[in-house]
Amino acid sequence: MMESQQEPKVTIPPLIPLEYSNRVMLKTILECGDDQIGLFGKTVVVGGWVKSSKEVKREPVAAALKPPTAAEAFPPSPGPKELSCVEVVQSRIPFFKKIIRVFGVSSDSYPGVQEKFEPVPKPPPPPPPSKFFLQINDGSSISSLMVVIDSAVVPVYAGHVLPTGTCILAQGVLEKSSSHGKQTIELKVEKILHIGTVEPDTYPLSRKRLPLDSLRDYPHIRPRTTTVASITRIRDTLDFAAHTFFHNHGFLHVQVPIITTIDSEGFSEKFQVTTSNKWGLGSGSDADVRHETVKAEQHIEARDKSKLGTGVKPEVKEDFFGRQSYLSVSGRLHLESYACALGNVYSFGPRFRAEKTGSIKQVAEMWVVEVEIAFSQLEDSMKCAEDCFKFLCKWILDHCPQDMKFVTKRIDKTIVHRLEYMMSISYERISYREAVDILRKVTDKTFETKLRWGVPLTAEHLSYLADDHYKRPVIIYDYPKAVKPFYVRLNDDGKTVAAFDMVVPKMGTVITGSQSEERLDMLSARMKEFDLSRDQYEWYQDLRKHGTVKHSGFRLGFDLMVLLMTGLTDVRDVVPFPRTHGKANN
């Protein structure tokens, strides 16, 4: 006896509205795979922005299907035309006017006589019924949802019917797609709850596929493009991944100040923070208004003898902080104080450099992850940096499959393969001296910058080591002391310091790190070499006086990691609102 075959069970994915906006994210509809069939017949509310629209006109159904009447099928032969009562009365109006004039009354006294019998104009015929097919996207997914709206439901304005860029909130029923495209599901709209109109003539995205460099002029609009939306989702996932890695390894998140009075690097041009009116602020009608602003002011290196370096305080007593203050270039010095009390700590935030550079990998405001590990040395930080880097690569591949598929198709066909490769291999570790020896032996390439021991390795040198020589990430350590900040621990040779850079193929330096100098006498000597004010760094020296400990850490360029994950080349395309020299529009 044959067993009866049971029909496969249909899984119905949950369509839970968002708690704070009472709508269903399109991602839950579009990315549920074969389970979409279980959504047919569900009533949902969705919202989004129109990516494309199309109108399809059709014949009225009633007119097309109504059978002809007998009179229409067999029209009568022409005969004398019968007049209606209105037409009979209208034909007698001249006769009535004559009678009125006989009695000496003007017909103007009875305007209603004329108006009453004038034929009533017929209303214009309604427009032919049509359907509108809209692709809408709410930013939760690469894909867009097809929304079908009957002309009786959708309003028409300015000669356009929901053009590209319009925001809509609609209620409808999910149905099997009537088109033969890639989508298997669509929404038949029953009610439109909101419409945010758009000016098609001035909307920047009315033109299709603007290049990324043109989109930079519209940072407030460009998130609506598929590419920038995808980059933003990858950035968000990478943000979460970074916090996850450090929380999983027992690190505490510490917020360090953005405004500081110290120069932790000594090599960078800084933004000065001031409330002073000497810059021409608060003039005219606003003379009595106290302005607070951040003024970019180029500063000489801290090692040069300056007022700051020699301890001579500038005339800033009337300023808000009473001394020169800057936007932070690095937060590692402040982070050290918490590492020397809580163990392993990290910070995540913006850092600022006032460098008038044309580099495509540098903007004035960049986000970084900074890490400090107590009871650790340089080797420990290098291992932590490598583990963190591999973790971030894996997390993106595991949690952004649709976005990475899009990036592979549109931007870089090799990006997924490269990330998988960097996850699975060990990284090359070489000293600065070994790197110089390798580069000196290169015969098939000429470097623009002449190489000699004791000078910084340029991007060209680093690219050759990672892309051409090793073809994998390279960690270079033990740099000459002259090219690294004052707080980096001096090695036993007295010439090099315990610092490292992680260089990645096709990207360059993504992570820089070091072991900090825990010996008070050594730190004091290094500060003297840099001509740094002892008073200004007294709090930093206190960490060596009271319970000093060996500690190390690193700094990961978060924006550069996003650049690496997306296969792009210009950091301005992955920073939501990039600030560059001469340009900070919004």
Side-chain angles (χ1 to χ4, degrees), residues 262-268 300-306 308-311 329-330 332-333 336 339-340 372-385 428-441 449-458 461-462 465 474-503 509 511-534 536-538 540-555:
I262 62 173
D263 180 7
S264 58
E265 295 293 331
F267 300 100
S268 303
I300 59 176
E301 295 180 358
R303 66 184 62 207
D304 295 336
K305 292 186 177 181
S306 62
L308 180 62
T310 57
V329 174
S330 171
R332 282 197 58 195
L333 298 193
E336 278 188 43
C340 291
E372 207 65 38
I373 310 169
F375 306 98
S376 70
Q377 302 184 47
L378 183 66
E379 179 68 25
D380 301 308
S381 281
M382 289 194 292
K383 185 178 186 307
C384 182
E428 199 70 33
R429 296 188 183 185
I430 61 174
S431 67
Y432 170 87
R433 186 177 297 277
E434 292 172 314
V436 171
D437 290 341
I438 292 172
L439 294 169
R440 280 177 174 173
K441 295 176 182 179
T449 303
K450 186 177 180 180
L451 183 65
R452 66 179 187 277
W453 196 95
V455 300
L457 299 178
T458 66
H461 297 142
L462 299 175
L465 291 170
V474 180
I475 297 177
I476 305 171
Y477 60 91
D478 286 352
Y479 277 85
K481 66 178 184 179
V483 301
K484 291 297 180 180
F486 75 95
Y487 58 83
V488 181
R489 194 180 199 275
L490 188 68
N491 289 331
D492 294 339
D493 60 10
K495 297 180 180 180
T496 61
V497 290
F500 76 91
D501 292 336
M502 179 185 288
V503 186
T509 303
I511 299 177
T512 62
S514 64
Q515 180 178 343
S516 297
E517 183 60 78
E518 84 284 2
R519 299 165 294 186
L520 178 59
D521 56 341
M522 292 291 188
L523 179 63
S524 299
R526 290 284 285 160
M527 290 175 58
K528 189 174 182 180
E529 290 178 18
F530 277 73
D531 269 330
L532 298 178
S533 169
R534 298 177 68 89
Q536 193 174 12
Y537 290 88
E538 183 179 3
Y540 188 65
Q541 291 174 300
D542 280 349
L543 298 175
R544 277 73 184 167
K545 294 178 182 179
H546 310 301
T548 186
V549 62
K550 288 185 177 181
H551 53 283
S552 63
F554 61 88
R555 167 195 181 107

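The chain is numbered in sequence order, starting from 1. Remember, predicted model here, so these are calculated numbers, not experimental data.
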Could you tell me which non-hydrogen atom of Arg332 sits nearest to which non-hydrogen atom of Ser514, and how far apart they are?
NH1-OG, 3.0 Å
Rounded to the nearest 0.5 Å, what's the gap from CG on Leu333 to OH on Tyr537? Could you check?
7.0 Å
Decide side-chain contact (heavy atoms from CB on, under 4.5 Å) for Leu462 and Ile476; before the verdict, give the C-alpha distance in whole Å, the side-chain angles of both, and the deciding distance to 0.1 Å.
CA-CA 9 Å; Leu462 299 175; Ile476 305 171; 3.7 Å; yes
Should Leu465 and Ile438 count as side-chain neighbours, where that means a heavy-atom distance under 4.5 Å?
yes
Are the side chains of Ser524 and Arg534 in contact, using a 4.5 Å heavy-atom criterion?
yes
Please report the closest heavy-atom contact between Arg452 and Tyr432, naming both atoms and the distance.
O-OH, 3.7 Å
With no hydrogens and no angle check, do the side chains of Glu336 and Tyr540 hold a donor and an acceptor under 3.5 Å apart?
yes
Quick one: closest heavy-atom pair of Leu378 and Ala498, and the distance?
CD1-O, 3.4 Å
Has Arg489 got a side-chain atom pairing as donor or acceptor with Gln377's backbone, closer than 3.5 angstrom?
no
Let me see the working for His461 and Thr449 under side-chain contact (heavy atoms from CB on, under 4.5 Å), right down to the final yes or no.
CA-CA 9 Å; His461 297 142; Thr449 303; 4.3 Å; yes
Restricting to non-hydrogen atoms, name the atom on Gly454 and the atom on Val483 that form the minimum distance, rounded to 0.1 Å.
O-CG1, 3.7 Å
Nearest 0.5 Å, please: how far is OG in Ser381 from CD1 in Ile373?
4.5 Å
Is the backbone of Met527 close enough, under 3.5 Å, to the side chain of Tyr487 for a donor and an acceptor to pair up by distance?
no
Interatomic distance, Ser330 atom OG to Ile262 atom CD1 [nearest 0.5 angstrom]
8.5 Å
Nearest non-hydrogen partners of Ile475 and Met382, listed with the distance
CG2-SD, 3.5 Å
NE2 on His551 to CD on Glu517, rounded to 0.5 Å:
9.0 Å
Quick check for you: to the nearest 0.5 Å, what is the distance between Gln515 atom CD and Ser376 atom OG?
7.0 Å
Of all residues at least two apart in sequence or in a different chain, which pass the side-chain contact (heavy atoms from CB on, under 4.5 Å) check with Asp493?
Asn491, Lys495, Thr496
If you apply the rule side-chain contact (heavy atoms from CB on, under 4.5 Å), what do you find for Trp453 with Arg440, and how did you get there?
CA-CA 10 Å; Trp453 196 95; Arg440 280 177 174 173; 4.3 Å; yes
Of all heavy-atom pairs linking Tyr479 and Ala499, the shortest is CD1-O, 3.8 Å
Checking side-chain contact (heavy atoms from CB on, under 4.5 Å) for the pair Val503/Leu457: CA distance, chi angles, key distance, verdict?
CA-CA 11 Å; Val503 186; Leu457 299 178; over 6 Å; no
Is the shortest heavy-atom distance from the side chain of Arg544 to the side chain of Gln541 under 4.5 Å?
no
Return the CZ to NZ distance between Phe375 and Lys550, rounded to the nearest 0.5 Å.
12.5 Å
Take a 6.0 Å sphere around CZ of Arg429 and say whether it holds more than 12 heavy atoms from other residues, nucleotides or ligands.
yes
Does the Thr509 side chain pair with the main chain of Asp501, one donor and one acceptor, at a distance under 3.5 Å?
no
Indicate yes or no for a side-chain donor-acceptor contact from Arg519 to the backbone of Leu490 under 3.5 Å, with no hydrogens or angles considered.
yes
